[in-house]
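Bear in mind the structure is a predicted one, so any value in this text is a computation, not a measurement.
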Amino acid sequence: MDAPSAAQPPRRRRRLLGGALSKEWAYVRRAPGTFLWLVALAVTTQVIGHISPEFRDEFLRQRSTNLHELSTRPIRVLIGSAFWLDGGGWFGYFVLYNIFHVPAERWLGTRRWLGVVVVSHVGATYLSEGVLYWAIRNGNAPASAVNTLDVGVSYALAGVQAVLFHRLAGPWRWCYLAAVLLWYGSALVHGRTFTDVGHLTAALLGLACYPLTRGRGPAWNPTSWLRSLRRR
């Protein structure tokens, strides 16, 4: 008579585990582009970790959106550079992607979210490299800067962070916008590098993606959301 009751805890645990996995899968399925990107970044991060330091920079430089590579094989490096991380751990990006990319993709849908990613990544890359080219022509940067290492996902992240301004309601949106512009604007003032130009440009391009946000439902009000949590 004790056997059935003894079997109950394992069954209960399996049901709980199954329910948890089902919720996690539902969470991932609502932002497929973001999580496929994270998987790709996890793979390339492992690849980089097994490359010797002597070869690593040259390997990444061939996939970099520097002036030399953009002038010879632009499509390849514009796509390829978005799948490699130069500095910063993968887990840090995993957290940032869940904070910004996941809600943006859920809100906009995968195609429109991808549109923001492409506009921000490509637009900021060309403008920042244009600034670098101007600096080289005017003697403010060395000629060797045409081969500068420039890979990563930060331009796309800045654009997605900025487009979420259109998702927020009321005074929250203006506080959020001020924080985004202050973050990237202060980095430009203090750093004055072409990548700082690129990050601020990407944020402005994300803001300009407003047409992609039309018809995506009412604005999200954090105050109302917090009140609903308290009622539960």
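Note on Leu212 and Leu204: same hydrophobic cluster, where clusters join Ile, Leu, Val, Met, Phe, Trp and Tyr whose side-chain heavy atoms are under 4.5 Å apart, directly or indirectly. Under the 4.5 Å side-chain contact rule for hydrophobic residues, Tyr93 and Val102 share a cluster. Leu108 is connected to Tyr97 through a chain of hydrophobic side-chain contacts under 4.5 Å among Ile, Leu, Val, Met, Phe, Trp and Tyr, so both are in one cluster. Val116 and Tyr126 end up in the same hydrophobic cluster when Ile, Leu, Val, Met, Phe, Trp and Tyr side chains are linked at under 4.5 Å. Note: the hydrophobic cluster containing Leu85 does not contain Val39 (ILVMFWY, side chain heavy atoms under 4.5 Å, direct or indirect links).
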side-chain contact (heavy atoms from CB on, under 4.5 Å) evaluation trace for Val117 with His101: CA-CA 9 Å; Val117 166; His101 278 291; 4.1 Å; yes
Could you walk me through whether Val118 and Val122 pass the side-chain contact (heavy atoms from CB on, under 4.5 Å) check? CA-CA 6 Å; Val118 171; Val122 175; 4.1 Å; yes
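Looking at heavy atoms from C-beta onward, Trp37 lies out of side-chain contact with Leu114 at the 4.5 angstrom threshold. In this structure, His166 and Arg173 have side chains that are in contact, with non-hydrogen atoms separated by less than 4.5 Å. Using a 4.5 Å cut-off on side-chain heavy atoms (C-beta onward), Leu188 and Tyr184 make no contact. Residues Leu70 and Leu78 are in side-chain contact: their nearest non-hydrogen atoms beyond the backbone lie under 4.5 Å apart. Gln161 is listed as a side-chain neighbour of Tyr176, based on a closest heavy-atom distance under 4.5 Å. Residues Ile48 and Thr44 fail the side-chain proximity criterion, which asks for heavy atoms closer than 4.5 Å. At a threshold of 4.5 Å between non-hydrogen side-chain atoms, the residues Trp84 and Val47 count as touching. Residues Trp220 and Trp107 fail the side-chain proximity criterion, which asks for heavy atoms closer than 4.5 Å.
At least one donor-acceptor pair closer than 3.5 Å links the side chain of Arg167 to the backbone N or O of Pro218. When atom types are taken as modelled, the side chain of Arg56 and the backbone of Ile51 share no donor-acceptor pair closer than 3.5 angstrom. A donor-acceptor pair is defined here as one N or O able to donate and one able to accept, closer than 3.5 Å; no such pair exists between the side chain of Glu69 and the backbone of Val77.
More than 12 heavy-atom neighbours from other residues, nucleotides or ligands sit within 6.0 angstrom of CZ on Arg73. Within a 6.0 Å sphere centred on OH of Tyr133, other residues, nucleotides and ligands contribute 12 heavy atoms or fewer.
Taking the six-membered ring where the residue is Trp, the centroids of Trp90 and Phe94 are separated by under 6.0 Å.
Among residue pairs with one or both ends in residues 194-214, those qualifying as side chain to side chain donor-acceptor pair (under 3.5 Å) are Ser154-His199, Thr193-Thr195, Thr193-Asp196; sequence neighbours excluded.
In this pair, Tyr27 and Phe35 present their aromatic rings perpendicular. The plane angle is above 60°, beyond the 30 to 60° band.
The CG atom of Leu164 sits 11.5 Å away from atom CG of Leu177, with the distance rounded to the nearest 0.5 Å. Considering CZ of Arg63 and CG of Leu149, their distance stands at 11.5 Å, rounded to 0.5 Å. Rounded to the nearest 0.5 angstrom, His121 NE2 and Leu205 CG are separated by 12.5 Å. The CZ atom of Phe55 sits 7.5 Å away from the CD atom of Glu58 when rounded to the nearest 0.5 Å. Summarising the geometry, atom CZ belonging to Phe194 is positioned 9.5 Å from atom OG1 belonging to Thr125; distances are rounded to the nearest 0.5 Å. Of the inter-residue distances, the one linking Leu60 atom CG with Asp150 atom CG reads 11.0 Å to the nearest 0.5 angstrom.
Taking all atoms of both residues into account, the shortest heavy-atom contact from Gly198 to Ala124 is O-CB, 3.2 Å. Among all heavy-atom pairs drawn from Ala158 and Ala202, the shortest one is CB-CB, 3.9 Å. Contact record, Ser64 with Val151: CA-CG1, 3.6 Å, taken as the closest heavy-atom pair. Smallest separation of non-hydrogen atoms from Gly33 and Trp113: C-CH2, 3.6 Å. In terms of heavy-atom proximity, Ala219 sits nearest to Ala169 at CB-CB, 3.7 Å. The heavy-atom pair separating Arg30 from Pro32 by the smallest distance is C-CD, 3.5 Å.
Inspection of the Thr148 and Asn66 side chains reveals no N or O donor paired with an N or O acceptor under 3.5 Å.
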